[in-house]
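Written out below as structure tokens is the structure these notes cover.
Chain identifiers are assigned alphabetically (A, B, ...) following the order of the sequence lines, protein sequences preceding nucleic acid strands; residue numbering begins at 1 within each chain.
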There are 2 protein chains.
Amino acid sequence: MSLRQYEYALAVAEEGSVTAAAELLHVAQPSVSQQIRGLERELGVELFARTPTGLVPTVVGRAFLREAEIAVSASRRARATARAGADELVGELMVAVQMGFGTRQLPGALGALRRRFPRLEVTVFEEPSSAELERLGRRGVLDLALMAACEQSPADAHHLGDEEFVVVLGAGHRQLAVDRVELRELEGEPWVRFDRDSALDGVLLNVLRDNDLTPTTAARVSQTATAVRWAAHGLGVTLVPASAVPHGHEHLVRPVFPVVSQPVIAVVRHGAGPAETALLELLRQETWSEPAFFSPVS
Amino acid sequence: MSLRQYEYALAVAEEGSVTAAAELLHVAQPSVSQQIRGLERELGVELFARTPTGLVPTVVGRAFLREAEIAVSASRRARATARAGADELVGELMVAVQMGFGTRQLPGALGALRRRFPRLEVTVFEEPSSAELERLGRRGVLDLALMAACEQSPADAHHLGDEEFVVVLGAGHRQLAVDRVELRELEGEPWVRFDRDSALDGVLLNVLRDNDLTPTTAARVSQTATAVRWAAHGLGVTLVPASAVPHGHEHLVRPVFPVVSQPVIAVVRHGAGPAETALLELLRQETWSEPAFFSPVS
DNA sequence: GGAGCCGATGAGCCTTCGTCAGTACGAGTA
DNA sequence: TACTCGTACTGACGAAGGCTCATCGGCTCC
């Protein structure tokens with residue numbers, strides 16, 4: 001039941017004789033003969049019919065060889081993929097992004113990464129729950145994660161910058177008149193909140209508690225873009241990272257006082273390879289703090 | 001570069017640790033460890049990142065494992081297919097039919113075969129040229145062939161019956177008035193003939209020569225059904241096996257004098273297995289000679 | 001009937017795999 | 001801080017399997 005047996009069987013079927021297959025494979029004839037017989041003995045089936053002029057696949061042999069060819073070619077692909085990975089960068093990079101961090105920076109970094117390493121596939125888990133993130137991280141599926149706080153302190157955590165949080169107000173909201181919203185002024189407002197146990201909801205709860213506000217929940221959503229849209233429609237106010245505000249809603253956004261800010265930390269997994277390092281470097285080169293971005297619209 | 005290495009690597013990726021993979025595979029831990037290391041050494045790439053809690057696939061490792069899984073599953077399918085073929089009948093039966101022989105009998109036999117062995121796939125090469133047939137036969141691709149004459153005389157050739165040839169006349173043809181057409185009466189008629197070097201054209205040429213007729217070629221076609229249709233439209237007359245006449249054209253058909261008849265011989269390949277034998281037996285059970293079938297329509 | 005082709009078989013050598021023991025390293029805990 | 005537990009790795013040894021050489025049996029073609 002080895003790949004070699006498959007390759008030998010395929011060569012025999014292709015060449016029509018053990019001898020020809022043997023010289024194609026650069027081995028002696030008995031070797032091929034033994035492998036074929038061993039395969040047939042192991043499977044309990046005659047894969048080839050013996051004719052005076054060579055070996056010919058039987059009915060069941062053909063069915064077998066069809067699958068065997070898939071196995072062999074897949075093996076070749078696996079080998080080629082890995083060997084290519086030695087020089088070039090080939091593979092599948094798994095990235096998790098919490099709290100909408102890097103919404104503005106990630107596309108640029110991933111685009112640059114794709115230009116430099118076209119055969120590198122990137123999968124991004126956007127705003128997974130804490131439990132999901134934990135699970136992915138524990139199982140080692142993740143190569144890089146963007147998050148606010150990290151329990152694992154070692155050198156694998158890199159501080160990229162800080163993300164300022166902003167409130168999104170409904171169209172016509174009275175607080176749109178000021179440049180920076182005092183959080184206490186939002187007493188009594190209904191809030192568009194986030195999924196229970198999500199990091200974003202945790203930040204929001206902390207902010208409300210620090211400013212002696214009682215949270216009135218208008219709705220809970222999973223994605224920051226949804227929260228912004230619902231808040232814009234007047235369902236309530238919400239608090240999201242500045243870079244997570246979609247285009248077209250900037251006029252409904254205000255920075256807050258006291259300032260709410262979270263560090264953006266890139267956690268690279270243990271034993272990071274060149275792919276992870278490259279993406280981390282590209283992320284570093286992006287601009288991470290633009291304090292004047294959300295100045296009041298004129 | 002062996003299947004075992006793939007299986008080990010997949011188990012390690014699945015379980016997240018060498019130890020767990022080892023007990024899943026019912027082998028000792030160092031064995032798995034060595035195989036993984038050997039694989040990485042051979043490929044020159046680190047497939048797994050070592051963490052204190054186990055092994056985790058790297059970026060290139062994931063790409064490799066994706067292909068490896070295909071190889072392993074294909075191998076399992078190959079094995080399952082072959083082992084199933086030991087009890088049941090599984091596989092791909094290749095049949096060649098020359099000169100439209102068995103057009104009436106084959107569907108019945110193949111249907112019965114399919115009912116008895118549902119997992120047996122049958123591929124029929126219809127009316128291949130002599131060169132094609134020769135090539136297929138030489139390479140041992142064919143399991144069974146229906147033909148008129150066979151150069152290989154041994155016990156692998158089974159006489160199923162005889163196929164009487166009939167002429168197909170154009171609608172309104174004067175010879176439709178008689179029950180059996182004298183071939184000499186067709187002097188000067190244009191003929192719908194068959195591809196050069198085809199067995200059918202060989203039979204036709206022999207018949208014409210034996211009856212001192214000079215062949216006037218109206219057209220050459222590959223398939224008997226086409227020849228019948230064209231003859232029915234008055235393009236010329238043609239000579240085909242009786243069973244090859246499609247439904248709806250029986251009234252344009254006449255037996256000939258002197259009788260033209262060819263033996264229908266089933267040639268089974270060397271080392272025939274149960275599938276070939278079963279099909280041969282089913283073909284035998286079909287009725288092969290129906291002399292009164294083409295009596296004149298009233 | 002002999003020459004030439006085919007695959008099958010057996011003996012010997014060598015590589016490889018598997019196991020057992022022991023080592024090294026990091027994490028969690030008292 | 002030290003101890004224990006978990007992890008993977010390494011080296012030595014025995015066993016199994018692959019490869020090669022030489023040989024045999026069967027068939028075809030001349």
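If you measure from atom CG of A:Leu39 to atom P of C:dG7, you get 17 Å, rounded to the nearest angstrom. As a whole-Å value, the separation of A:Leu3 CG from C:dT16 C1' is 16 Å. Nucleotide C:dT15 holds its P atom 16 Å from the CD atom of B:Glu42, rounded to whole Å. At whole-Å resolution of the value, CZ in B:Arg4 and P in C:dC17 are 8 Å apart. Rounded to whole angstrom, the span from the NE2 atom of B:His26 across to the P atom of C:dT19 amounts to 12 Å. Regarding A:Leu47, its CG atom lies at a distance of 16 Å from the C1' atom of C:dG7, rounded to whole Å. Here C:dT15 presents its P atom at 18 Å from CD of B:Gln5, a figure rounded to the nearest Å. Note: CD (A:Gln35) to C1' (D:dA16) measures 13 Å, nearest angstrom.
A:Phe48 comes within 4.0 angstrom of nothing in the nucleic acid, heavy atoms only.
Under the 4.5 Å side-chain criterion, counting only non-hydrogen atoms from C-beta, B:Leu93 is not in contact with B:Leu144.
The one candidate from A:Val56, A:Leu55, A:Leu65 that meets the side-chain contact (heavy atoms from CB on, under 4.5 Å) condition with A:Val12 is A:Leu55. For the pairing with A:Gln5, the side-chain contact (heavy atoms from CB on, under 4.5 Å) check across A:Leu39, A:Ile36, A:Leu10 returns one residue only, A:Leu39.
When the salt bridge (Lys or Arg N to Asp or Glu O under 4.0 Å) test is applied to B:Glu69, no partner is found at least two apart in sequence or on another chain. In this structure, the salt bridge (Lys or Arg N to Asp or Glu O under 4.0 Å) partners of A:Glu7, at least two apart in sequence or on a different chain, are A:Arg76.
Using modelled atom types, one finds a donor on one side chain and an acceptor on the other under 3.5 Å when comparing B:Thr53 with B:Thr51.
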remark   = Protein-proximity profile, nucleotides 5-10 of chain D, B/S/- by nucleotide at the 4.0 Å heavy-atom cutoff, equals --SSBB
